[in-house]
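Fair warning: this is a prediction, and the values are worked out from it, not measured in the lab.
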Amino acid sequence: GRQYTQTFTVQSGSATPVVDGYSPAPQKFEVTRALRPLEDNLVRVFYFDNGTKQWSFYDPQPDLDYFNTLTEVVEGRVYWMAVREDQTVLIQGSLHSFIAGWNLIVW
């Protein structure tokens, strides 16, 4: 038979707390494993690093493996990906729709 009362105030603010400017490091994924869902539809992937002004690429053809300079894909980066045919595929928990030809994709 007891009753308790608690008073509180709701204030507007950010739904995501920011702690001293901390943000977690982006996740990195090994390129062949990450792009496996595209299977034989994948033609090529390019990435431009604006900091170094350098291009890197990945081509899934086994005879070009030695020349590949893109070894991982990083969360939040933008990649140019060429595919042979239209395809919607689940990659790293997100649904991505590709059209035949070049696609600009945020990983």
By side-chain contact (heavy atoms from CB on, under 4.5 Å) - contacts of P62 (at least two apart):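 For P62 there are no side-chain contact (heavy atoms from CB on, under 4.5 Å) partners, ignoring immediate neighbours.
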Holding to side-chain contact (heavy atoms from CB on, under 4.5 Å), I want the full list of residues that pass it with L64, two or more places apart in sequence or in another chain.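 Counting only residues at least two positions away or on another chain, L64 forms a side-chain contact (heavy atoms from CB on, under 4.5 Å) with D59, Q61, F67.
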For N68, give me all partners under side-chain hydrogen bond (donor to acceptor under 3.5 Å, both in side chains), at least two apart in sequence or on another chain.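 N68: no side-chain hydrogen bond (donor to acceptor under 3.5 Å, both in side chains) contacts found.
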Report the residues that fulfil side-chain hydrogen bond (donor to acceptor under 3.5 Å, both in side chains) with T52, sequence neighbours left out, ordered by chain and then residue number.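 side-chain hydrogen bond (donor to acceptor under 3.5 Å, both in side chains) list for T52, sorted by chain: empty.
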Can you pull the side chain to side chain donor-acceptor pair (under 3.5 Å) pairs that have at least one residue in residues 93-107, sequence neighbours excluded?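 For residues 93-107: T88-S97.
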Same cluster or not: are [X] and [Y] linked, directly or through other Ile, Leu, Val, Met, Phe, Trp or Tyr residues, by side-chain heavy atoms under 4.5 angstrom apart?
X    : Y   : value
L35  : L70 : yes
I105 : F46 : no
F57  : M81 : no
V73  : I91 : yes

Could you tell me whether the side chain of [Y] reaches within less than 4.5 Å of the side chain of [X], counting heavy atoms only?
X   : Y   : result
L38 : F98 : yes
Q54 : F48 : no
W55 : T69 : no

Under 4.5 Å side-chain linkage, directly or through intermediates, the cluster mates of L90: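 Noted: L90 shares its cluster with L95.
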To the nearest 0.5 Å, what is the distance between CZ (F29) and OG1 (T71)?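 Atom-to-atom, F29:CZ and T71:OG1 are 14.0 Å apart.
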Let's go through V31 and V45 carefully: what are the C-alpha distance in whole Å and the side-chain angles of both, what is the deciding distance for side chain to side chain contact (heavy atoms under 4.5 Å, CB included) to 0.1 Å, and is it a yes or a no? CA-CA 10 Å; V31 70; V45 179; 5.6 Å; no
Distance-minimising heavy-atom pair for Q87 and P37: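 Residues Q87 and P37, closest heavy atoms: NE2-O, 3.5 Å.
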Kindly write out the residues that satisfy ring-ring contact (aromatic ring centres under 6.0 Å, His included) with Y79, not counting sequence neighbours, or none if the list is empty.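 Partners of Y79 under the ring-ring contact (aromatic ring centres under 6.0 Å, His included) test: Y47.
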Could you list all the salt bridge (charged side-chain N to carboxylate O under 4.0 Å, His left out) pairs where at least one residue sits in residues 78-93, not counting sequence neighbours?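 Salt bridge (charged side-chain N to carboxylate O under 4.0 Å, His left out) check on residues 78-93 returns no pairs.
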Residue pairs, two or more places apart or on separate chains, that pass salt bridge (charged side-chain N to carboxylate O under 4.0 Å, His left out) and touch residues 30-42: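 Salt bridge (charged side-chain N to carboxylate O under 4.0 Å, His left out) check on residues 30-42 returns no pairs.
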